[in-house]
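Notes to accompany the following structure.
The analysis underlying the following values was restricted to heavy atoms, covering all of them including side chains, and did not include hydrogens, waters or symmetry mates. Proteins come first, then strands; the chains are lettered A, B, ... in the order of their sequence lines, and each starts at number 1.
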Amino acid sequence: MILGALVFPPIGNVVEWPAAFGDGTFWAFNKISMINLIAVAVTCGIFLVARSRSEMVPRGTQNLAEVSVDFIRTQVIAPGIGHGGEKYLPMLLSMFFFIFFGNITGIIPPILMPANARMANPLILALLAWIWFIGVGLKHHGIHYITGALFPPGVPKPLYLLVTPIEFVSTFLVRPFSLAVRLFANLLAGHILLITFGVLCITLWSLSFLVAALPLSLFMLIALTGFEVLVAFLQAYIFTILTAVYIGGALHPEH
Amino acid sequence: MGVIQTAVQLATETTAEAGTAALTAADQKGISGAASAGYAYGLAAIGPGIGIGYLVGQAVSAMARQPEAAGMVRTTMFLGIAFTEALALIGFVVFILLKFV
Amino acid sequence: MLTAALLAATEGGEATEAVVNPILPTVPELFWGGVSFFALWILMRFVLLPPVLRVMEEREQRIQSAKSEADSATGGADEARSAYAARIEQARGEAAGIVGAAREEADRHRASELAAANAEIAAMRDAATAEVAAAKAAALAQLRSQIAGVAVTAASRVIQKDLDLDRQVQVIEDYVNRSGRGPAA
């Protein structure tokens with residue numbers, strides 16, 4: 001069999017990483033933790049450099065920081081939350097950067113592992129978004145937020161038998177779940193796709209006539225790497241704007 | 001469903017015939033899971049594929065009709081894609097669960 | 001060779017394969033993810049974002065003030081322009097008044113000059129007419145006396161006797177007067 005050498009590594013080898021230290025404890029530090037710290041450090045670096053060289057006409061790093069702030073304001077808070085959304089700027093901004101750097105490490109050569117291809121980060125962020133939007137709803141509307149969400153006004157009374165369970169599941173269960181799974185599955189799929197073409201490239205690197213197919217595989221690998229850049233940005237944006245939309249829905253439930 | 005089951009059984013049987021050693025229950029489960037994983041993802045991708053195609057097409061025609069509202073339409077389009085895509089991604093998770101777990 | 005390395009990686013992974021679940025998160029990863037994100041959030045909230053926001057705010061304010069300054073400057077320029085236009089208008093009116101006065105003056109001057117010239121011409125013409133009349137009268141008197149003398153002399157030559165000059169002169173004068181009036185008289 002010619003393609004007998006094509007062996008996909010077991011999934012544990014491509015997403016699970018051994019602990020550098022603290023193995024077996026709750027603070028076992030592995031590659032994912034390292035990527036998280038890198039994401040925090042890079043974000044801090046951008047903003048600290050922007051602060052140390054703050055000029056009236058922004059350039060370079062300062063421009064990057066201000067563009068990101070402006071992006072979150074105009075593209076996430078304005079359409080998602082609307083009026084009164086300015087105070088959620090720090091959370092949404094750090095969310096965006098944390099997710100984006102956790103995604104983009106999947107294609108940066110020495111790392112080549114998206115932190116969000118593990119369920120931990122998406123789950124933490126989705127739970128945070130879930131707690132946050134329910135908390136905002138309770139803070140601004142009290143218990144009326146829950147009743148308003150479960151018993152939407154203008155529905156005939158018998159239909160509540162049908163509507164209330166659906167609303168409960170879709171608002172309070174599916175939202176955090178889909179937020180986490182969307183980010184996680186996108187990144188895991190991209191990661192596995194890149195690995196697949198990488199493995200294919202390695203396998204085709206042989207003396208048989210199949211090496212003729214290597215350029216195609218390599219082209220796909222490069223194209224998918226470019227696609228992953230787009231996915232990294234888009235998923236960070238979508239996660240952030242969905243959080244903003246949920247918070248906006250809790251803040252102004254009448255809309 | 002019947003087709004899938006038959007295919008799964010067929011795959012299982014051929015693998016069983018090919019293998020020399022007797023298959024344990026865990027191996028059986030792994031083989032049938034791996035065979036159905038592809039169906040799971042393939043079926044899960046149909047609906048969202050149609051949905052995203054329709055959604056983006058409508059969004060493009062809306063943007064062409066009203067270029068001044070393009071920003072708003074784009075934001076809404078991404079939200080819609082995110083919601084639609086979630087189904088395919090759940091299918092992908094099921095694929096991972098069937099294939100690797 | 002690469003394939004061999006891949007196979008080696010594959011072999012190495014098989015020991016842990018049974019316990020791996022690629023979906024479920026592990027506790028350490030949850031812990032580090034949570035710690036990292038909350039650290040980033042707190043830093044962003046209290047350390048990283050405020051200076052950037054302040055700079056953006058300052059720039060916004062500067063732009064606003066510059067804009068309002070520019071607006072007021074534009075207003076000043078408009079005022080200056082309208083004042084200038086008013087002054088131009090005034091000067092133009094004054095100039096028009098000066099020109100009108102000068103023209104009136106010139107008209108008056110011309111009229112008076114004209115009248116003086118006309119009067120002079122009329123006086124000269126009167127004087128000339130009077131001179132002509134005087135010359136004519138003198139010539140007429142001279143002619144009359146010469147004609148009378150010639151006629152009387154001729155008549156006395158004809159009749160061979162002296163004629164009373166005064167009476168003849170009377171006669172000739174009568175004749176000349178009649179002839180001077182012409183046949184219509």
Q.
Ring centroids only, cut at 6.0 angstrom: are Trp17(A) and Trp32(C) within range, meaning strictly under it?
A. no
Q: Can you tell which part of Ile42(C) gets under 4.5 Å to a heavy atom of chain A, answering side chain, backbone, both or neither?
A: neither
**Q.** Neighbour count >12 (heavy atoms, 6.0 Å) for atom CZ, Phe71(A)
**A.** yes
Q | Atom pair CD1/CG of Ile23(C) and Leu123(A) - distance to nearest 0.5 Å | A | 12.0 Å
(Q) Let me confirm one number: the CG-SG distance from Leu40(C) to Cys44(A), rounded to the nearest 0.5 Å. (A) 6.0 Å
Q.
Please rank Thr26(C), Leu30(C), Val27(C) by heavy-atom pairs under 4.5 Å with chain A and give me the top one.
A. Leu30(C)
Q: Starting at CG of Leu48(C), measure out to CZ of Arg51(A) and round the result to the nearest 0.5 Å.
A: 7.5 Å
Q. In terms of heavy-atom proximity below 4.5 Å to chain A, should Leu43(C) be classed as side chain, backbone, both, or neither?
A. side chain
Q: Could you check which of Arg45(C), Met56(C), Arg54(C) has the highest count of heavy-atom pairs closer than 4.5 Å to chain A?
A: Met56(C)
Q. What are the two closest heavy atoms between Met44(C) and Phe47(A), and how far apart are they?
A. CE-CE1, 3.9 Å
Q | Pairs involving residues 61-79 of chain C, ordered by first then second residue, that meet salt bridge (Lys or Arg N to Asp or Glu O under 4.0 Å) (sequence neighbours left out) | A | Asp78(C)-Arg81(C)
Q. Between Leu24(C) and Met119(A), what is the shortest heavy-atom contact and its length?
A. C-CB, 4.3 Å
Q: Specify the closest pair of heavy atoms between Gly33(C) and Phe98(A), including all atoms of both residues, with the distance to one decimal.
A: O-CZ, 4.0 Å
**Q.** Under 4.5 Å from any heavy atom of chain C - which part of Leu128(A)
**A.** side chain
Q) Where do Asn121(A) and Phe37(C) land on the side-chain contact (heavy atoms from CB on, under 4.5 Å) test, with the steps shown first? A) CA-CA 9 Å; Asn121(A) 286 355; Phe37(C) 180 71; over 6 Å; no
Q: Under the salt bridge (charged side-chain N to carboxylate O under 4.0 Å, His left out) rule, collect the residues that match up with Glu120(C), sequence neighbours excluded.
A: none
Q: Would you check, one step at a time, whether the test side-chain contact (heavy atoms from CB on, under 4.5 Å) holds for Val55(C) with Gln62(A)?
A: CA-CA 10 Å; Val55(C) 169; Gln62(A) 191 194 356; 3.6 Å; yes
**Q.** Side chain / backbone / both / neither for Ile46(A) at chain C, heavy atoms under 4.5 Å
**A.** neither
Q. Do you know which of Leu48(A), Leu93(A), Val14(A) has the most heavy-atom pairs under 4.5 Å to chain C?
A. Leu93(A)
**Q.** Residues forming a side-chain contact (heavy atoms from CB on, under 4.5 Å) with Leu173(A), sequence neighbours excluded
**A.** Phe168(A), Val169(A)
Q | Closest approach of Val52(C) to Glu66(A) (non-hydrogen atoms, all atoms of both residues) | A | CG1-CG, 4.0 Å
Q: Enumerate by number any residue of residues 18-38 of chain A whose heavy atoms lie under 4.5 Å from heavy atoms of chain C; in the absence of such residues, state 'none'.
A: Thr25(A), Phe26(A), Trp27(A), Ala28(A), Phe29(A), Asn30(A), Ile32(A), Ser33(A), Asn36(A), Leu37(A)
Q: Would you mind checking which part of Val69(A) comes under 4.5 Å of any heavy atom in chain C, side chain (CB onward), backbone (N, CA, C, O), both or neither?
A: side chain
Q: I would like to know whether Glu16(A) and Glu29(C) meet side-chain contact (heavy atoms from CB on, under 4.5 Å); could you show each step before the answer?
A: CA-CA 10 Å; Glu16(A) 287 252 326; Glu29(C) 283 174 7; 5.6 Å; no
Q: List the atom of Arg73(A), the atom of Leu53(C), and the distance in Å for their closest heavy-atom pair.
A: NH2-CD2, 3.2 Å
